[in-house]
Amino acid sequence: MRRSEPRGPAPPAVASGDPRAEPQWHTLDAKTTAEALGADPTRGLTAETAAERLASGGPNSLAPPPGPSWPSILARQFASALIIVLIVAAAISASIGERADALTILAIVLLNGVLGFVQEWRAERAMAALKSMLSPTTTVRRDGVWISAPAETLVRGDLVRIDTGDRVPADIRLVDVTDLHLDESALTGESLPVAKTSEGVRLDAPLAERESMAWAGTTVVEGRGAGLVVATGPTSQFGRIARLTQDVEDEPTPLQRQLSRLARQLGLASVGVAALVAIVGLVSGLSLLEVFLTGISLAVAVVPEGLPAVVTITLALGLRTMAGRRALLRRLPAAETLGAATVICTDKTGTLTENEMTVREVWLAAGAVEATGAGYDPSGGFVDDRGADAGSRSDLRVALGTGIAAGHASVVQDGGEWRAVGAPTEAALGVAALKAGLEPDERALEREIPFSSDRKRMTVVRTENGVGVAHVKGAPEILFERCTRILDGDVERELTPADRRTLSDATQRLGSAGRRTLALARRRLPEAWHSLGPEDIETDLTLLAIVGILDPPRPEVPEAVARARSAGVTVIMITGDSPATALAIAGDVGIESDTVLTGNETASLDDDALRARLDGRTVFARATPAEKLRIVELLQERGEVVGMTGDGVNDAPALRQADVGIAMGIRGTDVAREAAEIVITDDNFASIVGAVEEGRRQYDNIRKFTRYLLSSNAGEVVAILGNLLLGGPLILLPVQILWMNLVTDGVTALALGLEPAERGIMDRPPRSPRAHILDRHGAGSIVALGVYMGIATILLYRVYGGGAAGGATVAQTLAFTAIVLFEKMNVFNFRSLEAPLNETGWFTNPRLLIAWAAMIGLQVCAVYVPFLQNALHTVPLRALDWLVIAGLAVPIFVVPETIKRVVWRQRTT
Ligand code: ATP
């Protein structure tokens, strides 16, 4: 939601509804702010104080949009047109003395409502659980330690840190900023990023000009900062005007839209059929009430009432399954789209690789050295090519000194294991420095020009002995262009063309070994450096080293890549890393690429030339977010369904443009997550492929139960209509039809929705996004099954003397029971649409077998339990009758199954 706050006079100082006057936070200095808040601007609050404040002040969230309460969900079950018609029918029946029928109709409506309620309630719970998984976390200082905590737990006085890509979690008085720029458009309507400061600003500054404040709900587009929380949840500026949304959007999926179109068509058809029946009925002398009830029951027979509920619950339970496979859906349709994905564009670092960085090699002009040790454990050292200890070499120490000066990350020991805090690349440099005996750089940071995927470099200026020194690290080729000098042993000298060739060879060699490469450089700045812009600072540099960082491929990725390939999904790697590294890692994980295009090369290709390279054989290196967007668009023009990963702020446009934007849960920024359809909680490519499989399973199952319900309904319509056209009476009573459609079928269909993924689900190509849920083959099988079930029922009815006086009830009971059992037999045809059951496995969906047995048991009750006999107008059947029905039911399964087997065998041989 976008609202703009006029840039007029300052808003009132007192929070609405808050009787205490609030200090004018934006005017205060950091110390006074901290005092006023009872906070410690260095150590943060104690966990105890925070807990007390949370208990008294409430959570940092806006009251959630009131989720549907159980009474409203229950009420919804009875709000459909059909149910209202049925209730009217019951009333009419009662008014003319058919009390038993009226009660039965009401009881069935009630039972159906309760079943629907239970399903919808489960769906709501699954959604709610997902929403809580998607809720944001934030970095807060408690008891002197930075921790990651749910944004909901923030309280006034908390010291929090915000970084590029974060959504600001509460209203914050900034106490420390580094080049911090916020996008405040959500709050003030201002479209340009606003630069922030830690200095107090004038009292009458309007909201949009209070540069010392970071407002909840705005996002960090550049830089970083820290500050004290002054208002949370509903008392924040954003809370007063809007709702922070962290919602799962449950808009209808394309499939649901297709299904509602189908439902509308069936609705129309039912009106037609009902009219036809009315005419035939009236002509053949039925009473008006009979005609009315028959019309209604036919409408019920035509429309698969259970369908919408079954779809909803299948998708909602699917959310949970997806979450179990580490994919959180932010929009319900994503599952389906993912199942249809034809291309997945993936980044490399952290998705295909572990994102566990270890510096392995440091190239120095005076001779490269190798690091020993593993992971983030700082025990280890450096050796040169003769195996001699190189840890004390001055050129190495200078280079690693810049490595730590130019970053923020650190490592901590956590239960015996060393863990990175902050960016893994920077943590790796920190560990390398520790191995050389250097301490973390505590010197004051004067200025930072932050890293971004566009710039691919980062600079920190620190003052050393009164002189400003720029420490720069970044992608080698980018830094080489900016270097004029090189550190060679103890001396700095001019960079010669021969040096440049050596540097490029060294980078190439490291990259080909799959190493991530990073160059380190520095510059002593002139005295007046404060007035220099970023470009002027990052120039005329002295190259210190090239670092080769090991980031091993995730062990499960090669298999996932192979699965994607066999599923007909093209995998395209688009990485910010160097071409050599990109190719090497692509090879390691089994992406069959043999060429690489860098960002510059990509930019020089026209659309047609680039499109020709989007076949998975080319990896894209040194790519920028803008290229990702262009690649998505070109793929989509070609009709591909594209999944695209991303994590940075600038990835948002590509994520939005892709059919399925995939954000990374660990590395991803809030901005990327909010632009994406799905969030992968472990950042792992294998989880994306797992989610594709789950998406396919859900789509398959929806297709299965849709066809099942439709074919069953077709059987009922053929039986009723056929018998009427043959001049016979009503073969099934309205209450019996209601019983079948509203009670026994829905439960079986729901169990069908729980079918596990079919074997080979990832060995077939993606379905066409334009494919209709009911293709010709599907419609054909529905008609064939419907006709058989209908005719078999009419046959039974007639053989048992239906229509003749006295025989009617027996024949009707028989027809009723036959159709129910036929439908139960029919369900096994839809466990797989193609594979025979010996392939699928007979017992792989135990819940279906339970539902099946339970529904048959229920039908036995319908025939033998006196009160159900009364309600459903049945009489007891003999054992022989059951056998006759079973005999007629067998072909319903055996014939299609045999056809499937033959076709299957032909296809597999
Ligand atoms: P991917 O796009 O596959 O995730 P990536 O993480 O290598 O790959 P970027 O984050 O865009 O992509 O990084 C591009 C390059 O920028 C890296 O190869 C490295 O040379 C350099 N780089 C990465 N992180 C930093 C950093 N914190 N400071 C300076 N340079 C960095």
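Order of appearance sets the numbers: ligands from 1, and atoms from 1 within every ligand. The chain is numbered in sequence order, starting from 1.
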Interatomic spacing from CG in D505 to CH2 in W363 - rounded to 0.5 Å |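 With rounding to 0.5 Å, CG (D505) is 10.0 Å from CH2 (W363).
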May I ask you to list the atoms of ligand 1 that are less than 4.0 angstrom from any heavy atom of [X]?
| X | answer |
| --- | --- |
| D347 | 1 (P), 2 (O), 3 (O), 4 (O) |
| S453 | 11 (O) |
| A475 | 20 (O), 21 (C) |

Of all the non-hydrogen atoms in the protein, which one sits nearest to [atom], and at what distance?
| atom | value |
| --- | --- |
| atom 22 (N) of ligand 1 | F451 CE1, 3.3 Å |
| atom 20 (O) of ligand 1 | T517 O, 2.8 Å |
| atom 27 (N) of ligand 1 | E426 OE2, 3.2 Å |
| atom 17 (C) of ligand 1 | R622 NH1, 3.8 Å |
| atom 21 (C) of ligand 1 | L518 CD1, 3.7 Å |
| atom 7 (O) of ligand 1 | R516 NH1, 2.5 Å |
| atom 28 (N) of ligand 1 | K473 NZ, 3.0 Å |

Heteroatom distance test ([X], ligand 1): nitrogen or oxygen, under 3.5 angstrom:
| X | value |
| --- | --- |
| S578 | no |
| R457 | no |
| T575 | yes |
| G576 | yes |

Any Lys/Arg nitrogen of [X] or [Y] sitting under 4.0 Å from an Asp/Glu carboxylate oxygen of the other?
| X | Y | result |
| --- | --- | --- |
| R667 | D347 | yes |
| E677 | R656 | no |
| E637 | R611 | yes |

Can you tell me which residue pairs pass the salt bridge (Lys or Arg N to Asp or Glu O under 4.0 Å) test with a partner in residues 357-366, sequence neighbours excluded?
->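 Sorted result for residues 357-366: E361-R509.
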Using the salt bridge (Lys or Arg N to Asp or Glu O under 4.0 Å) rule, collect all pairs that involve residues 364-380, keeping only residues at least two apart or in two chains.
->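 Not a single pair qualifies under salt bridge (Lys or Arg N to Asp or Glu O under 4.0 Å).
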Given salt bridge (Lys or Arg N to Asp or Glu O under 4.0 Å), test E693 with R325 step by step and report yes or no.
-> CA-CA 10 Å; E693 178 177 344; R325 303 188 73 155; 3.7 Å; yes
Give a yes/no on ligand 1: does A423 have at least one heavy atom closer than 4.0 angstrom to it?
-> no
T595, T570, D594 screened by side-chain hydrogen bond (donor to acceptor under 3.5 Å, both in side chains) with R617, the one that passes = D594
